[in-house]
Q: 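I'd like to ask you about the structure that follows.
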Number of protein chains: 2
Amino acid sequence: MAYTVGQVARAARVTVRTLHHYDEIGLLRPGGRTPAGYRRYDEADLDRLQLIRYYRELGFPLEEIAEILDDPDSDPVAHLRRQHELLSGRIGKLQEMVAAIEHAMEARTLGIQLTPEERFEVFGDFDPDEHAEEAEQRWGDTEAYRQSQERAGHYSKEDWLRNKAENEDWGRRFVALMDSGAPADGPEAMALAEEHRQLITKWWYDCSYEIHTGLADMYVADPRFTAYFETLRPGMAAYLNEAIHANAITRA
Amino acid sequence: MAYTVGQVARAARVTVRTLHHYDEIGLLRPGGRTPAGYRRYDEADLDRLQLIRYYRELGFPLEEIAEILDDPDSDPVAHLRRQHELLSGRIGKLQEMVAAIEHAMEARTLGIQLTPEERFEVFGDFDPDEHAEEAEQRWGDTEAYRQSQERAGHYSKEDWLRNKAENEDWGRRFVALMDSGAPADGPEAMALAEEHRQLITKWWYDCSYEIHTGLADMYVADPRFTAYFETLRPGMAAYLNEAIHANAITRA
DNA sequence: GCTTGACCCTCACGCAGCGGGAGGCGGGAG
DNA sequence: CTCCCGCCTCCCGCTGCGTGAGGGTCAAGC
């Protein structure tokens, strides 16, 4: 069974030009040609093109793909296996990016300023030694700097004010609940935790129970977030953390 | 607080040249310059660069990023929100690709040939009508074609033979179990299901319980896979499916 | 006050990975 | 025999930087 460039292009969702290019640079030479010079692709070519597409999707340069594919030491299965790993890695990285976005959004709502490193942390590993030491000199006394910048955030719009009002209203009711002595895993605390989750969903993004517990853990893990809640009411970070977890468990 | 190009470049994990480029094309103009002409970046520039990096990671061209960022109708939060959605979408797509890879690997182990469309299905939506009708003419009578190609697979190597032997051994024992009249959710069936999972892990990729049940469902959903198991022993596809599910539930 | 080394500046050319068009041949349907 | 679509081979253009060349700058140390 042989296919023309156009057929292959449509099936593989690439342009004819791309196939020409791959032919030119020797990455994917069609199995043969017709007397008139038309390219004829066979099954083996499709196999190869499939692998090429996956490697491209993963960001490999064409030359490197050619090397990988022409390596006699790796059979077709090895490629699939490898791509499986690479894809899993990519997914993990993207999930980190999602977490970073959530972190950034949460920081904004509370008016907390992130350090330059934190903003870009997710974009790659860099020498942690270099970081730990240089950070102090390069970005100044970060803690003091943060304090000064805190709540200086980047507000905008009118919605923003309503959002803030709703948040503060929720905060007052939450503090009142704590003062009442109600348990953190009781129905009232869980109700307010749920309301918190829905406030996030309403104003920011679709906050699942999983994401919500992730945020809750950050509230007690990241000192700046902890500090924020502790200023509202001592013990609030831990109390809120427990309430969110209790809520997530019973609702999910 | 102002930063030099070098500082920003290190923090954001881009090159100085890239920042120069962004300045040139107007995508990211530094907040100011020193008397000597040195670029000085401020916090707002870092904010913007962070967004740029995320959009780039998502494959947006620079010009489009500029448009998006300079759109007065979308505040900073809207960007984060948007990126959150886009990232989630990307993750979903990659997960489909992983599933496709697993599908391809499984097809290979059983010597089943995929159609050209199936190979590239994951790379984008295309008109399903066009597909359903044209597929028949363009790729020939697919069912007959598949039959003829079945088991003509792409074998290689020596490991391959050992793998095959182990698989067949497992198959014999599984058929024997079925003949014994043991229930599909009984301990022996679950033990063989577990062994199946570990064979995949040993020879192909790390097969979690989740992936395993996904495969099991494919065995009864995709007629070609069903056919394969049914030739070994009528009723085997459904029986194996149940065993795998039972195993996954009790072990996980 | 002078050197040194790390950092900054502005051109300017180059390269990958195609996009897109020009100009021309091939082939099957009518 | 003609029409039209699909194929062919140049070839120029674009994006997103990499990589110097050639030359100023600034903080540190002597």
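Order of the sequence lines fixes the chain letters, A, B, ..., with proteins taken first and strands second; residue numbering starts at 1 for each chain.
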Q: Please figure out whether A:Tyr22 or A:Ala36 has its closest DNA chain C nucleotide nearer the 5' end.
A: A:Tyr22
Q: Within the pair A:Arg33 and D:dC7, is there a side-chain N or O less than 4.0 Å away from OP1 or OP2?
A: no
Q: Would you confirm whether B:Arg197, through its side chain, and B:Cys207, through its main-chain N or O, come within 3.5 Å as a donor-acceptor pair?
A: yes
Q: Establish, with yes or no, whether the OP1 or OP2 oxygen of D:dC8 is under 4.0 angstrom from a side-chain nitrogen or oxygen of A:Arg39.
A: yes
Q: Please report the distance, rounded to the nearest Å, between CD1 in B:Ile52 and C1' in D:dC17.
A: 14 Å
Q: Nearest 0.5 Å, please: how far is CZ in B:Arg48 from CZ in B:Arg53?
A: 15.5 Å
Q: Rounded to the Å, how far apart are A:Glu24 CD and C:dG17 P?
A: 13 Å
Q: Is any side-chain heavy atom of B:Leu19 closer than 4.5 Å to a side-chain heavy atom of B:Arg39?
A: no
Q: Do B:Arg33 and B:Tyr38 get their side chains close enough for a donor-acceptor pair, meaning under 3.5 Å?
A: no
Q: Measure the distance from CD on B:Gln7 to P on C:dA6 and round it to the nearest whole Å.
A: 16 Å
Q: It should be established whether A:Thr34 places a side-chain nitrogen or oxygen under 4.0 Å from OP1 or OP2 of nucleotide D:dC7.
A: no
Q: Return the value, rounded to whole Å, for the distance between atom CD1 of B:Ile25 and atom P of D:dG16.
A: 7 Å
Q: Write down the distance between CD (B:Glu57) and P (D:dG16), rounded to a whole number of angstrom.
A: 15 Å
Q: Between B:Phe60 and B:Arg17, just flag the one whose closest nucleotide in DNA chain D comes earlier from the 5' side.
A: B:Phe60
Q: Please determine whether a side-chain nitrogen of the Lys or Arg among B:Glu57 and A:Arg90 lies less than 4.0 Å from a carboxylate oxygen of the Asp or Glu.
A: yes
Q: Is there a donor in the side chain of B:Tyr3 and an acceptor in the side chain of B:Glu43, or the other way round, less than 3.5 Å apart?
A: yes
Q: What is the distance, to the nearest angstrom, from the CD1 atom on A:Ile65 to the C1' atom on C:dG17?
A: 11 Å
Q: Would you please confirm or rule out a distance under 4.0 Å between OP1 or OP2 of D:dC17 and any side-chain N or O of B:His20?
A: no
Q: From CG of A:Leu27 over to C1' of C:dC18, roughly how many Å is that when rounded to an integer?
A: 13 Å
Q: Please enumerate all residues that pass side-chain contact (heavy atoms from CB on, under 4.5 Å) together with B:Ser208, with sequence neighbours excluded.
A: B:Glu210, B:Ile211
Q: Sort out the partner of C:dT3 for me: Watson-Crick or G-U wobble, both distances under 3.5 Å, none otherwise.
A: D:dA28
Q: Is the phosphate of C:dC18 approached by A:Thr15 (side-chain N or O, under 4.0 Å from OP1 or OP2)?
A: no
Q: Enumerate the protein-to-nucleotides 4-6 of chain D contacts in which both atoms are nitrogen or oxygen and the separation is below 3.5 Å.
A:
| unit_1 | atom_1 | unit_2 | atom_2 | d |
| --- | --- | --- | --- | --- |
| D:dG6 | N2 | A:Tyr38 | OH | 2.9 |

Q: Please classify the nucleic acid contact of B:Arg40 as base, sugar-phosphate, or nothing, using heavy-atom distances under 4.0 Å.
A: nothing
Q: When the distance from CG of A:Leu62 to P of C:dC18 is rounded to whole Å, what number comes out?
A: 5 Å
